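See structure below.
Just so we're clear, the structure is a prediction, and the values are computed from it rather than from any experiment.
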Number of protein chains: 2
Amino acid sequence: MKLLAKELQLSVSTVSKVFTDSHEISEQTKQKVLALAKKLNYVPNPYASSLRKRKSKTIAVVLPEVADSFFSMAINGIESIAREKGYHVLIYLTHEQMEREQAILSDFQSGRVDGVLISISNETTNDEHIIDMMQRGIPVVFFDRVCEETATTRITTNDRESGQLAAQHLIDQGCRNIAYLTISGSLSISRNRLAGVKQALTAHRTPFNERNLVMCTDNEEENLRIIKELLQRKDRPDGIIASVEKLTAAVYLACKELKIAIPGKLKVISFSNQTTAPILNPSLTTITQPAFAMGKLAAEVLFNSLKKTNVTLKAETVVVPSALVVRESTTGRDLG
Amino acid sequence: MKLLAKELQLSVSTVSKVFTDSHEISEQTKQKVLALAKKLNYVPNPYASSLRKRKSKTIAVVLPEVADSFFSMAINGIESIAREKGYHVLIYLTHEQMEREQAILSDFQSGRVDGVLISISNETTNDEHIIDMMQRGIPVVFFDRVCEETATTRITTNDRESGQLAAQHLIDQGCRNIAYLTISGSLSISRNRLAGVKQALTAHRTPFNERNLVMCTDNEEENLRIIKELLQRKDRPDGIIASVEKLTAAVYLACKELKIAIPGKLKVISFSNQTTAPILNPSLTTITQPAFAMGKLAAEVLFNSLKKTNVTLKAETVVVPSALVVRESTTGRDLG
DNA sequence: CATTTCCCCGCAACCGGTTTCGTAAATAAA
DNA sequence: TTTATTTACGAAACCGGTTGCGGGGAAATG
């Protein structure tokens with residue numbers, strides 16, 4: 001910038017004001033400066049600017065992992081509108097560990113980011129680290145895996161209704177003994193989905209059997225073992241609801257190994273955004289979450305609050321509904 | 001920091017030196033400062049530090065998209081070692097557009113990042129924007145989708161051998177009319193894979209028929225149309241090699257609609273990292289790329305060069321081999 | 001022609017750490 | 001004890017933009 005100033009016989013401040021598009025500078029001078037800047041391929045140092053303005057034009061996205069399609073699509077949604085608003089996106093993975101989540105967030109005390117989008121790890125049982133950050137003036141928007149008690153905006157899907165819908169669908173298809181697979185007892189999304197399931201079952205006078213609440217891990221092989229065990233019980237279920245995408249494979253593999261026909265002997269529905277759902281064997285009935293939309297919305301809400309100064313985000317939950325897509329794994333018929 | 005200094009009756013410089021772990025400071029003073037810092041939950045402002053040190057401790061990852069499993073897993077690999085080294089990761093998506101790629105990279109002239117990991121878009125036909133950046137002293141490591149002519153380190157998989165292996169496998173399974181599906185004519189990975197395919201075919205005295213080189217798009221429906229057309233030709237192929245993960249679904253769907261049996265009438269092999277490959281109908285034979293390892297390696301190479309000053313990255317290609325995983329879609333038998 | 005207003009631009013302080021250099025005190029060497 | 005060396009810390013410049021304020025000159029007003 002000094003160079004630019006010297007070259008054009010101007011002061012640094014004038015040049016700076018050109019880049020902030022100040023009204024104090026004549027159109028003529030602006031053009032000259034911008035022309036030379038383009039020629040020299042000059043871009044202002046963002047860190048100098050961040051330092052002075054106390055704004056980083058950067059947000060953080062904190063995710064458990066990017067293994068499944070949901071978070072991939074969410075990233076797309078977030079990035080799309082971050083780019084639109086001229087923000088930069090830092091990505092952090094917690095690997096489902098609360099400790100890492102805390103370490104990551106504590107770094108944000110530094111002013112590295114202007115705001116945070118987070119989907120909490122399934123280990124996360126308290127929100128102190130999040131509240132702490134908010135109190136330091138860094139706005140947070142939850143998406144998908146939210147803390148229901150924390151006073152900020154949450155973007156979720158209609159987990160409870162979806163659970164209900166899934167169970168209802170299985171009941172309609174003749175299931176009477178439905179199992180629910182999950183990877184976490186504490187996560188609100190899992191709890192809510194389960195609540196929906198229970199509600200549907202109770203409504204049909206076939207209350208949920210707690211033995212059918214199956215806790216899985218993040219280890220593929222162990223999940224396979226757990227599910228095989230489930231399917232070898234005397235009173236084995238005739239319907240399975242997988243509350244997470246990555247449990248689908250284990251269910252299918254278990255059935256294959258045990259030669260249990262889907263949907264003949266067992267109907268399967270999964271919360272999933274996998275594009276391969278239609279070409280599975282058999283094609284998989286899913287509850288499909290609006291991942292892209294949720295990411296996008298979360299980002300929009302955050303950027304909105306960033307525009308104004310000193311506005312705290314409303315403590316509300318915004319719900320973007322999921323869709324039930326019926327396929328062969330629950331019906332035997334392919335409905336597209 | 002000023003606050004800390006005042007509180008402890010020390011100068012700012014002393015406090016600063018504590019955080020850089022300078023030898024000039026006594027152990028005693030360090031402890032005092034760190035203790036108070038912890039109590040106050042103080043973290044140094046990274047931008048002030050970046051400004052002075054001309055290092056951002058941040059790298060950029062530039063990707064076409066995060067739609068498929070490859071890039072998801074690569075991100076995991078990258079993030080894992082970035083965290084280990086204390087680096088931060090900015091993520092940018094080009095959406096397969098060279099224009100965006102250029103815009104993104106040109107921003108890096110600002111010193112926002114210390115280095116870049118990039119997998120180029122399939123529109124990218126020249127590397128001027130990349131060379132430009134390198135000349136400004138920002139090291140670049142390519143991974144997967146590389147520019148073969150650019151003088152820096154490239155992390156790839158053995159695309160050519162994999163193509164050869166795929167074709168060889170189909171030949172072994174009795175295919176005599178093999179089609180190759182791709183989404184780009186310019187991308188080196190696609191070209192190399194095709195070259196491998198051709199080599200295998202030529203070796204078996206059944207040279208590749210150029211009509212069997214099928215160019216797809218990034219539009220699902222259009223791909224379906226294109227593939228259906230391919231499969232309705234008089235001389236329709238008896239084997240398909242899908243060079244990109246996302247073309248798999250279209251192939252399967254086309255076969256379903258046209259009632260073409262896999263692997264009976266058509267054998268299918270795909271370059272894919274999908275975890276659902278084993279549970280497709282039929283399970284899918286894949287060339288599986290070491291996505292996590294490639295991301296990790298790319299990051300390691302980059303960080304290595306970042307440690308030393310003024311070392312330009314060797315213009316070499318590091319190859320991490322892919323694996324052929326044989327399943328039902330080419331054999332009719334499930335080999336696990 | 002004198003005065004006011006407005007438009008442009010420069011001066012200098014500032015953001016929050018980092019780093020060079022200097023110095024006083026403590027320790028070692030002569 | 002004197003001199004040389006080491007240790008521990010402070011003063012101030014610096015990184016590269018940003019911004020409040022002040023001023024010079026041109027245009028507008030009286």
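Evaluation of the salt bridge (charged side-chain N to carboxylate O under 4.0 Å, His left out) test over residues 47-65 of chain B, restricted to residues two or more places apart or in two chains, returns B:Glu65-B:Lys246. A salt bridge (charged side-chain N to carboxylate O under 4.0 Å, His left out) check over residues 143-153 of chain B, counting only residues at least two apart or in different chains, returns the pairs B:Glu96-B:Arg145, B:Glu148-B:Arg191. Identified under the ring-ring contact (aromatic ring centres under 6.0 Å, His included) test for residues 111-148 of chain A, with sequence neighbours left out: none. Residue pairs meeting the salt bridge (charged side-chain N to carboxylate O under 4.0 Å, His left out) criterion with at least one member in residues 7-18 of chain A, sequence neighbours excluded, are A:Lys17-A:Glu24. A ring-ring contact (aromatic ring centres under 6.0 Å, His included) check over residues 29-56 of chain A, counting only residues at least two apart or in different chains, returns the pairs A:Phe19-A:Tyr42, A:Tyr47-B:Tyr47. Pairs passing the ring-ring contact (aromatic ring centres under 6.0 Å, His included) check and including a residue from residues 74-127 of chain A, sequence neighbours excluded, read A:Tyr87-A:Phe303, A:His88-B:Tyr92, A:Tyr92-A:Phe108, A:Tyr92-B:His88.
Counting non-hydrogen atoms under 4.0 angstrom, B:Gln28 reaches nothing in the nucleic acid. The residue A:Thr29 sits close only to the backbone: its heavy atoms come under 4.0 Å of sugar-phosphate atoms, none of a base.
Remark on DNA chain C: of its neighbouring residues B:Leu51 and A:Glu27, the 5'-side contact belongs to A:Glu27, judged by nearest-heavy-atom nucleotide.
Counting heavy atoms from C-beta outward, A:Leu93 and B:Arg83 have side chains that stay 4.5 Å or more apart. With a 4.5 Å cut-off on side-chain heavy atoms, A:Asn122 and A:Ile183 count as touching. In this structure, the side chains of B:Ile91 and B:Leu63 come closer than 4.5 Å at one or more pairs of heavy atoms.
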Please table the atom pairs, donor to acceptor, closer than 3.5 Å between any side-chain atom in residues 34-41 of chain B and protein atoms at least two apart or in another chain.
{"unit_1": "B:Asn41", "atom_1": "ND2", "unit_2": "A:Asp132", "atom_2": "OD2", "d": "3.3"}

Note, DNA chain C 5' to 3' with Watson-Crick or G-U pairs under 3.5 Å encoded as ( ), [ ], | and . gives ||||||||||||||||||||||||||..||
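Proximity of a side-chain donor or acceptor of A:Gln289 to a complementary backbone N or O of A:Phe70 within less than 3.5 Å is not detected.
Scored by the side chain to side chain donor-acceptor pair (under 3.5 Å) test, B:Asp218 finds no partners at all (sequence neighbours excluded).
Using a 4.0 Å cutoff to heavy atoms of chain A, the contacted part of DNA chain D runs 5' to 3' from D:dC15 to D:dC21.
Note: CG (A:Leu10) to C1' (C:dC11) measures 14 Å, nearest angstrom. Across the protein-nucleic acid pair, A:Lys30 atom NZ and C:dC8 atom P stand 9 Å apart, rounded to whole Å.
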What's touching nucleotides 18-20 of chain C from the protein side, N or O pairs under 3.5 Å?
{"unit_1": "C:dT18", "atom_1": "OP2", "unit_2": "B:Ser16", "atom_2": "OG", "d": "2.8"}
{"unit_1": "C:dT18", "atom_1": "O2", "unit_2": "B:Arg52", "atom_2": "NH1", "d": "2.5"}
{"unit_1": "C:dT20", "atom_1": "O4", "unit_2": "B:Lys17", "atom_2": "NZ", "d": "3.4"}

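For the contact set between residues 32-42 of chain B and DNA chain C, defined by any heavy atom under 4.0 Å, the members are B:Tyr42.
Pairing each heavy atom of A:Ser305 with each of A:Val311, the nearest pair is O-CG2, 3.6 Å.
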